[in-house]
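One structure is given here, and the rest of the page talks about it.
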Amino acid sequence: MGEPEHRGPRPASAPVSDTAAVVLDDEGVVIARSASATTLLACSPGETYAPLSGLLPRGGPEAGSAGRLVTVPGSDEAGRKVPLVCRIVRLAACTRGAPDADDTQWLVLVTPAEAVAEAADHDSERRRKKLSRAATSSIGASLDVTEMAQTLVNLLVPEFADLATVDLAEPVLVGDEPPHLEASGDVRLCRTAAAQSPGISAEDLLPVGEALPPVSDSDVMRPLMAGQPVLVSDIDALRAKLGVDTETLRLFVPSGAHSSVAVPLYARGLILGCVTVWRSQLPSAFREEDAALLQDLASRAALGVDNARRYTKEHRSAVALQRSLLPHSALNVAAADTAGVYQPAGGGVGVGGDWFDVIPLSSLRVAFVVGDVVGHGLEATAAMARLRTAVQTLADLDLDPGELLTHLDDLVLGFSDEQMTGEFRSEPSDSSEPSDHSERSEPAVLGATCLYAVYDPVTGQCAAAAAGHPPPVLLPPEGEPAFLDVTPGPPLGVGGVPFEVTEFGVRPGSMLGFFTDGLVESRDGDIEEGMERLRGALAGADPSRPIDEISRGVFDGVRPHMPVDDAALLLARIHTLSSDQVAEWEFEADLSLVAEARELVVGQLSAWQLDELGFVTELVASELVTNAIRYAGGPVGLRLIRDRVLVCEVSDPSSTQPRLRRARDTDEGGRGLFLVAQLTDRWGSRFTRTGKTIWTEQPIGGPLV
């Protein structure tokens with residue numbers, strides 16, 4: 001690397017290269033130099049250059065100034081004194097002079113300080129512009145607080161900083177407003193996001209998810225509390241000013257850092273947290289323009305975090321409302337043990353109108369309901385609540401599943417008409433104002449799907465009807481799960497189409513699964529694939545586990561990784577009453593048989609060791625059988641069912657609905673149903689295919705035998 005040979009005189013106006021090179025030995029003797037170094041440094045090969053020889057590392061290649069930037073005096077083309085920035089790099093060992101000599105050589109890269117500063121300014125400006133452009137497109141794109149914080153630190157590293165952290169106030173993470181703070185000692189922050197350049201170790205720093213220890217009030221913290229940035233170029237001074245012990249200090253300040261900037265996340269008068277950046281590998285220290293840029297980015301991020309915080313609060317409230325409108329996750333009724341799971345959609349979609357329900361019916365029967373309202377948000381949740389209430393009211397009438405869905409279909413049509421009417425009424429009355437119906441919000445209910453099934457534990461039969469909803473899945477005690485062939489009907493809100501009822505038997509110990517399409521639909525797969533995943537998850541479930549554990553396991557195993565809709569799953573483990581829990585008789589239309597009916601009732605209750613219920617049940621059966629024979633004719637059925645309650649049923653061929661009324665003093669009859677209602681806990685009637693059934697319930701005080 002000797003001095004190059006020039007074929008002609010060098011033009012006087014020729015610029016000197018910004019970077020020159022000089023090779024020195026351990027003693028500082030110049031071995032070789034580039035052409036630019038001839039102008040910048042007053043040194044020749046074979047001579048010792050004192051300013052550089054004094055800077056050579058001593059004690060090995062890793063000691064002293066190796067790899068660092070140092071400044072020495074020099075000259076420019078005009079002979080003016082200028083500072084030079086030198087970077088010393090160790091070269092491979094070489095042999096010079098005697099064959100056994102082995103000396104280390106050093107390459108010194110020399111650049112005028114002005115050029116270094118100009119390059120640093122250009123590089124910093126390039127980074128700032130790039131960072132600003134990236135921030136414009138990415139900050140605020142998410143409604144998740146943690147994701148927003150991670151996006152910010154990923155932008156800052158490695159172009160702007162070697163290490164970046166975001167610490168947020170603990171209430172912000174759950175959607176609440178942070179308190180107004182007077183002193184830094186009151187701050188309670190949690191490390192929410194962090195990013196570091198390759199080769200940067202942050203093992204000693206506080207990990208993500210941990211709470212930061214409190215820091216006492218100081219000159220460093222006061223500007224942050226006032227919403228101002230803090231630029232630190234002396235890290236040792238920062239360590240002293242923080243006023244914390246050595247162990248705690250390691251959690252705040254990374255080793256090897258030479259400059260730092262901290263900027264509060266300040267939005268709408270509230271300090272939401274703090275973003276801090278550090279440089280250790282990047283040679284240039286943070287400057288005021290860097291702090292200003294970070295403050296601008298932090299302002300954008302703070303607004304994004306605050307929007308995400310408020311969304312989190314609203315989403316949490318909506319989910320809480322949705323869950324409060326659903327039944328308890330696990331129920332245990334005479335006909336089945338049930339467990340349900342509901343989960344809102346992710347990705348900012350939020351809660352929707354999915355729901356499930358378990359409704360106890362007369363005579364120990366139970367109704368299973370699962371449905372899905374079109375749309376998302378609080379409007380869909382409110383519509384779901386109205387539909388669930390309607391289903392419960394209609395179920396109390398003991399309607400056939402198909403008839404119940406027909407009534408529900410009419411209600412959905414009414415809800416949609418009501419919403420549309422309300423929107424048109426809200427239009428401005430001034431005809432001169434333009435009317436843009438496209439800007440109106442969508443109606444709360446444009447449609448819904450629902451599946452309604454009724455299971456009778458006495459007969460082991462289930463009747464179901466579907467309105468645009470996926471069919472239930474049945475897992476028998478021994479065998480593979482299969483989807484039931486329930487005749488599909490149109491979604492609710494279409495109107496004018498009847499719903500067909502499908503009946504099927506269910507063996508005791510079987511599991512019935514009801515679900516919404518959000519459980520089995522995904523962005524990259526069709527619903528058939530999701531239903532097959534559900535079938536496989538049920539096939540692999542351990543039937544000996546509690547039903548709530550099975551339900552949660554199946555839900556988690558089937559739910560898509562990126563769900564596009566909220567989802568609900570209801571599992572029911574079916575029970576069937578044994579033959580010794582049911583007694584039934586049939587009588588002709590002969591009033592003389594009422595006495596026999598009373599005797600049969602008393603005898604059966606004695607066999608069940610329920611003699612304390614004998615008097616009331618005998619009287620109830622006598623009244624109901626007498627009325628049935630007198631007003632409906634025969635045959636008349638009488639049935640007793642024993643479980644947690646005692647059920648007494650009387651069936652007749654009449655379709656006349658009984659009415660409860662208070663008899664006047666001069667009336668000769670009309671007191672039968674009133675007396676029955678006073679003596680029993682609950683009573684009612686339901687229509688059957690052959691007539692009607694009047695039923696009563698009485699609580700059983702002691703344990704079953």
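Residues E288 and L231 form a side-chain contact, since some pair of their non-hydrogen atoms from C-beta on lies under 4.5 Å apart. Within the 4.5 Å cutoff, the side chain of V30 has heavy atoms near those of the L24 side chain. Side-chain contact between F356 and L569 is absent, with no heavy atoms from C-beta onward closer than 4.5 Å. Two residues are said to be in side-chain contact when any heavy atoms from C-beta on lie closer than 4.5 Å; L251 and P213 meet this criterion. At least one side-chain heavy atom of F160 sits less than 4.5 Å from a side-chain heavy atom of L293. Between V208 and T146, the closest side-chain pair of non-hydrogen atoms is not below 4.5 Å. Side-chain atoms of V305 and L152, non-hydrogen and from C-beta on, never get closer than 4.5 Å to each other. Within the 4.5 Å cutoff, side-chain heavy atoms of V373 are placed close to those of W355.
The distance from the CD atom of E159 to the CG atom of L282 is 8.5 Å, given to the nearest 0.5 Å. Separation of atoms CG (L272) and CZ (R309) is listed at 7.0 Å; rounding is to 0.5 Å. To the nearest 0.5 Å, atoms CE (M384) and CD (E379) are separated by 14.0 Å. If you take CD on Q295 and CZ on R300, they are separated by 12.5 Å, rounding to the nearest 0.5 Å. Taking OG1 of T48 as the reference point, atom CG of D25 lies at 7.5 Å (rounded to 0.5 Å). Note that the CG atom of D566 and the OG1 atom of T381 stand 8.0 Å from one another [nearest 0.5 Å].
Between the side chain of S197 and the backbone N or O of P158 there is no donor-acceptor pair closer than 3.5 Å. Proximity of a side-chain donor or acceptor of R279 to a complementary backbone N or O of A161 within less than 3.5 Å is not detected. In this structure a side-chain-to-backbone donor-acceptor pair under 3.5 Å is missing from Q196 to D162. A distance-only check finds a donor-acceptor pair linking the side chain of R316 to the backbone of V174 [under 3.5 Å]. Looking only at distances, a side-chain donor or acceptor of S260 sits under 3.5 Å from a matching main-chain atom of V277. When atom types are taken as modelled, the side chain of N307 and the backbone of L303 share a donor-acceptor pair closer than 3.5 angstrom. The backbone N or O of E529 lies less than 3.5 Å from a partner atom in the side chain of D526, making a donor-acceptor pair. Of the possible donor and acceptor atoms, none in the side chain of R310 sits under 3.5 Å from a partner among the backbone N and O of E177.
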Going through the checks in order, is the side chain to side chain donor-acceptor pair (under 3.5 Å) test met by T516 and D354?
CA-CA 7 Å; T516 59; D354 289 16; 2.7 Å; yes

Go through the steps to decide whether D372 and D565 satisfy the test side chain to side chain contact (heavy atoms under 4.5 Å, CB included), and finish with yes or no.
CA-CA 10 Å; D372 184 2; D565 197 1; 3.9 Å; yes

Give the intermediate values and the outcome of side chain to side chain contact (heavy atoms under 4.5 Å, CB included) for residues F252 and L238.
CA-CA 10 Å; F252 287 97; L238 173 64; over 6 Å; no

Please determine whether salt bridge (Lys or Arg N to Asp or Glu O under 4.0 Å) holds for the pair D548 and R552, giving the CA-CA distance in whole Å, both sets of side-chain angles, and the decisive distance to 0.1 Å.
CA-CA 6 Å; D548 56 336; R552 171 53 67 180; over 6 Å; no

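Among T276, L156, L205, V157, the one residue that satisfies the side chain to side chain contact (heavy atoms under 4.5 Å, CB included) test with L163 is L205.
Here the shortest heavy-atom pairing between G530 and V558 reads O-CG1, 4.0 Å.
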